[in-house]
Q: 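Got a structure here, written out as structure tokens. Questions coming.
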Amino acid sequence: MARFEYLLVMGLCVLVTLPLEVWFGARVWRRPRRLLIALLPALAVFVTWDLWAVASGTWRFDPDRTVGLTLPGGIPVEELVFFVVVPVCGLLTIESVRNVLAGRVHLPVPGRAGPARALPPSTPVDEA
């Protein structure tokens, strides 16, 4: 089980934040070009950093805690998953917060089931 803990945590991060795409209209997954533009620079920097750190002996990855699939240079696949999942979850969260603060969605009312409702563009937002 220890070999899959890291991937399990990454999966839970996605599972928890994925509903934000629909409930709060985050539109992160619906704009793949914008998502790639946001991910690629950080991905390039951190993969390069990991490659350097592993090659120089600054750090290593415990083979008992990873699934055993590695990228060239000795970086486990979990590390690449982390570099994608965490920024995507952050983007889903920040886009959801922006939509709520801008009044583009109503927060769910306690006691009423269902996701937040998107407002039509011409609907005034209550200032309560």
Side-chain angles (χ1 to χ4, degrees):
M1 182 63 178
R3 298 181 72 114
F4 294 96
E5 286 177 355
Y6 201 79
L7 289 176
L8 182 62
V9 169
M10 293 298 102
L12 289 172
C13 289
V14 170
L15 191 64
V16 167
T17 58
L18 194 57
L20 299 175
E21 179 78 9
V22 175
W23 289 353
F24 296 105
R27 296 186 50 84
V28 170
W29 291 109
R30 288 181 251 173
R31 297 182 283 192
R33 184 171 179 261
R34 186 174 181 197
L35 178 59
L36 282 176
I37 290 170
L39 286 178
L40 289 179
L43 192 61
V45 167
F46 289 115
V47 167
T48 302
W49 183 347
D50 267 7
L51 287 170
W52 172 82
V54 169
S56 68
T58 302
W59 70 63
R60 65 177 187 83
F61 297 96
D62 185 353
D64 295 333
R65 308 292 268 169
T66 62
V67 295
L69 297 172
T70 57
L71 303 171
I75 299 174
V77 71
E78 292 92 339
E79 193 74 352
L80 185 62
V81 169
F82 176 84
F83 294 148
V84 173
V85 167
V86 171
V88 168
C89 292
L91 287 170
L92 284 163
T93 303
I94 192 68
E95 290 297 328
S96 297
V97 169
R98 285 180 179 161
N99 285 341
V100 169
L101 293 178
R104 291 188 286 267
V105 293
H106 280 299
L107 291 175
V109 176
R112 188 176 77 203
R117 292 183 339 221
L119 294 174
S122 62
T123 303
V125 178
D126 298 330
E127 296 294 323

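All figures in this text were calculated on a predicted structure; none of them were measured in a lab.
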Q: In terms of hydrophobic clustering (I, L, V, M, F, W, Y; side-chain heavy atoms under 4.5 Å; direct or indirect links), are Leu18 and Val86 co-clustered?
A: yes
Q: Test of understanding: with side-chain contact (heavy atoms from CB on, under 4.5 Å), list the residues that count as partners of Leu39, not counting sequence neighbours.
A: Leu35, Val84, Pro87, Val88
Q: Return the set of residues passing side-chain contact (heavy atoms from CB on, under 4.5 Å) with Arg60 (not counting sequence neighbours), or none when no residue passes.
A: Asp62, Pro63
Q: So which pairs with a foot in residues 10-31 pass salt bridge (charged side-chain N to carboxylate O under 4.0 Å, His left out), sequence neighbours left out?
A: Glu21-Arg30, Arg31-Glu95
Q: Distance-only criterion, 3.5 Å: show the donor-acceptor pairs between side-chain atoms of residues 1-16 and protein atoms not counting sequence neighbours.
A:
{"residue": "Arg3", "atom": "NE", "partner": "Thr66", "partner atom": "O", "Å": "3.1"}
{"residue": "Arg3", "atom": "NH2", "partner": "Thr66", "partner atom": "O", "Å": "3.1"}
{"residue": "Arg3", "atom": "NH2", "partner": "Val67", "partner atom": "O", "Å": "3.2"}
{"residue": "Glu5", "atom": "OE1", "partner": "Arg65", "partner atom": "NH2", "Å": "3.4"}

Q: Can you sort out the partners of Thr17 under side-chain contact (heavy atoms from CB on, under 4.5 Å), two or more places apart, ordered by chain and number?
A: Leu20, Cys89, Leu92, Thr93
Q: Examine Trp29 and Phe24 and state if one hydrophobic cluster contains both, with Ile, Leu, Val, Met, Phe, Trp and Tyr joined whenever side-chain heavy atoms are less than 4.5 Å apart.
A: yes
Q: Would you list the pairs meeting salt bridge (charged side-chain N to carboxylate O under 4.0 Å, His left out) in which at least one residue belongs to residues 36-54, sequence neighbours left out?
A: none
Q: Do Trp59 and Ile75 sit in the same hydrophobic cluster, where Ile, Leu, Val, Met, Phe, Trp and Tyr count as joined when their side-chain heavy atoms come under 4.5 Å apart?
A: yes
Q: Does any pair with a residue in residues 67-89 pass salt bridge (charged side-chain N to carboxylate O under 4.0 Å, His left out), and if so which ones, sequence neighbours excluded?
A: none
Q: Could you list who else is in Leu101's hydrophobic cluster, with ILVMFWY side chains joined at under 4.5 Å, directly or through other members?
A: Val97
Q: Do you reckon Leu69 sits in the same ILVMFWY cluster as Val85, going by side-chain contacts under 4.5 Å, direct or chained?
A: yes
Q: List for me each residue that meets side-chain hydrogen bond (donor to acceptor under 3.5 Å, both in side chains) alongside Asn99, sequence neighbours excluded, and say none if there are none.
A: Arg104
Q: Taking ring-ring contact (aromatic ring centres under 6.0 Å, His included) as the test, write out the residues that go with Phe83, two or more places apart.
A: Phe46
Q: Please test Thr58 against Trp52 for side-chain contact (heavy atoms from CB on, under 4.5 Å), starting from the C-alpha separation and ending with a verdict.
A: CA-CA 8 Å; Thr58 302; Trp52 172 82; 3.7 Å; yes
Q: Assigning hydrophobic clusters by single linkage (Ile, Leu, Val, Met, Phe, Trp, Tyr; side-chain heavy-atom cutoff under 4.5 Å), is Val28 placed with Ile37?
A: no
